[in-house]
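Here is the structure we will look at.
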Amino acid sequence: METLEKTAKSIPLKLFAKYIKKSIKEEEFEKQMELPEQKSPLFDGLLSVIVPCKNETEMIASFYAEFEKTIATMGNPNYEIIFVDDGSTDTTLAEIQKLAEKNPQVQYISFTRNFGKESAMYAGLKSAKGDYITIMDADLQDPPSLLPEMFNAILNEGFDSASARRRTRDGEPPVRTFFAKVFYDVLNKLSPLKFVEGARDYRLMTREMLNAVLELCEYNRFTKGIYEWVGYKTKWIEYDNIERPAGQTKWTLWQLAIYSIDALTSFSSVPLILVSFLGIIFCAFSALAIVFLSIRQLIFHNSAYGWTSMICIIFFLSGIQLFCIGILGQYISKIYLETKHRPHFIIKKKS
């Protein structure tokens, strides 16, 4: 103000008016040039994002754009994205390589063939360098927008991990929904571990928890079961099912059935116990039947008849035996695969 008063006294009124206009414009210009206050990162350290994908050409760019939006809301923390190409037969790898050329934080691993999602997740977990690690699918059914809430659970609420759980299955075929419910019901009854229905592979965890998970290097992997086995406190974050914007699911009903059997035999020995009890029950029943038929033959003579019913019983018992042998075979096959010590995957290209 003093400067303006001195200026007003020393120059004519018209010149003073011009001087005031110029000063106001300069002030407005300086305000416009002021940079907006930068939002501080939500967390310190490195976030590793593992994205297993197979034939996701249509989704790679969309996923990356959505992830970048979420990261911006979190104050642009330090991160790395590890895409794991699980033997794609389309241009998925080429799309990932385009992103890697533009952004050095984007990395990729490409397998020689399709080794399965479990192997892809394991490869990503082994390659992750972050202090916090998350796994999410490229189809956007695991919304990146949940990440801030997951970080809040770990940083402020004392949890070691935060995992996503679908509260609804809208958009899925009713048959798949029904069998998924049956699977979790059976698994929880037969396994000493407790599995949450609707749980996704989408999870954020600390480095400490990841190190514990990587200590379990078994060949037959069921990662959801491994998470439960290692323990640690987990917060479940519920969300409504999101249909994929493009492309098709890679899981058929048959593949899900095989995956369910692998999960059951990986974390429960109850089927073997049930088979043993079933054998004892049928042995006891057979012994009683022999005693009963022998007594009846001695009293009534020529009473052992009914070839049709006998054949039916033989077929029934044979079916039970084959079923039991099949259960035993599942466990034996797991032992067989473990003893081979084959690698979980073979890498063809890596950034």
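Throughout, residue positions are numbered sequentially from 1 according to the sequence presented.
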Would a hydrophobic clustering, with Ile, Leu, Val, Met, Phe, Trp and Tyr connected at side-chain separations under 4.5 Å, put [X] with [Y]?
X      : Y      : result
Met150 : Met74  : yes
Leu125 : Val230 : yes
Leu216 : Phe345 : yes
Phe222 : Val84  : yes
Trp229 : Met209 : yes

Interatomic spacing from [atom1] in [X] to [atom2] in [Y] - rounded to 0.5 Å:
X      : Y      : atom1 : atom2 : value
Asp85  : Ile109 : CG    : CD1   : 10.5 Å
Ile81  : Leu99  : CD1   : CG    : 8.0 Å
Thr112 : Lys349 : OG1   : NZ    : 12.5 Å
Arg207 : Leu210 : CZ    : CG    : 4.5 Å
Met121 : Thr223 : CE    : OG1   : 3.5 Å
Lys350 : Gln107 : NZ    : CD    : 8.5 Å

Problem - Non-hydrogen atoms of Gly87 and Phe111 that approach each other most closely - result: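 Nearest pair, atom of Gly87 first, then Phe111: N-CB, 4.2 Å.
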Okay, side chain of [X], backbone of [Y]: is any donor-acceptor separation there less than 3.5 Å?
X      : Y      : value
Ser48  : Gly130 : yes
Asn55  : Ser88  : no
Tyr108 : Ile82  : no
Asp86  : Phe115 : yes
His344 : Glu218 : yes
Glu238 : Arg166 : no
Glu80  : Leu47  : no
Thr57  : Asp90  : no

Exercise for the section: Count the heavy atoms belonging to other residues, nucleotides or ligands that lie under 6.0 Å from NZ of Lys126, then report whether that count exceeds 12. Expected result: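 No, not enclosed.
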Problem - The single option from Thr234, Thr134, Thr206 passing side-chain hydrogen bond (donor to acceptor under 3.5 Å, both in side chains) against Ser161 - result: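 Checked Thr234, Thr134, Thr206 against Ser161; only one passes side-chain hydrogen bond (donor to acceptor under 3.5 Å, both in side chains): Thr234.
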Problem - Tyr122 six-ring centre to Arg221 NZ/CZ under 6.0 Å and within 45° of normal - result: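 The answer is yes, since Arg221 meets both limits relative to Tyr122.
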Practice task
Could you check Leu140 against Met59 for side chain to side chain contact (heavy atoms under 4.5 Å, CB included), going step by step and ending with a plain yes or no?
Solution key: CA-CA 8 Å; Leu140 289 178; Met59 291 304 305; 3.7 Å; yes
Practice task
May I have the step-by-step check of side chain to side chain contact (heavy atoms under 4.5 Å, CB included) for Ile154 and Leu204, ending in yes or no?
Solution key: CA-CA 9 Å; Ile154 292 176; Leu204 177 70; 3.7 Å; yes
Practice task
Going by the side-chain contact (heavy atoms from CB on, under 4.5 Å) test, name the single residue among Ile96, Val51, Asn103 that passes it with Tyr64.
Solution key: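 Testing Tyr64 for a side-chain contact (heavy atoms from CB on, under 4.5 Å) against Ile96, Val51, Asn103 leaves exactly one candidate, Asn103.
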Exercise for the section: Please lay out, stage by stage, how Ile237 and Arg165 fare under the test side chain to side chain contact (heavy atoms under 4.5 Å, CB included). Expected result: CA-CA 6 Å; Ile237 298 173; Arg165 173 184 179 270; over 6 Å; no
Practice task
Give a yes or no on whether a salt bridge exists between Glu101 and Lys98, defined as a side-chain N under 4.0 angstrom from a carboxylate O.
Solution key: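 Result for this pair is no, no salt bridge flagged.
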Problem - Ion pair Lys117/Asp201, N-O distance below 4.0 Å - result: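 Yes, charged N to carboxylate O under 4.0 Å.
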Practice task
Take Phe67 and Val49, measure what side chain to side chain contact (heavy atoms under 4.5 Å, CB included) needs, and give me the verdict at the end.
Solution key: CA-CA 10 Å; Phe67 175 77; Val49 182; 3.6 Å; yes
Handout entry: Close aromatic pair by centroid cut-off 6.0 Å: Tyr232 and Tyr227
Key =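 Here the rings of Tyr227 and Tyr232 have centres that are no less than 6.0 Å from each other.
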Practice task
Check the angle between the aromatic planes of Phe83 and Phe63 and answer parallel, tilted or perpendicular using the 30° and 60° thresholds.
Solution key: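 Perpendicular.
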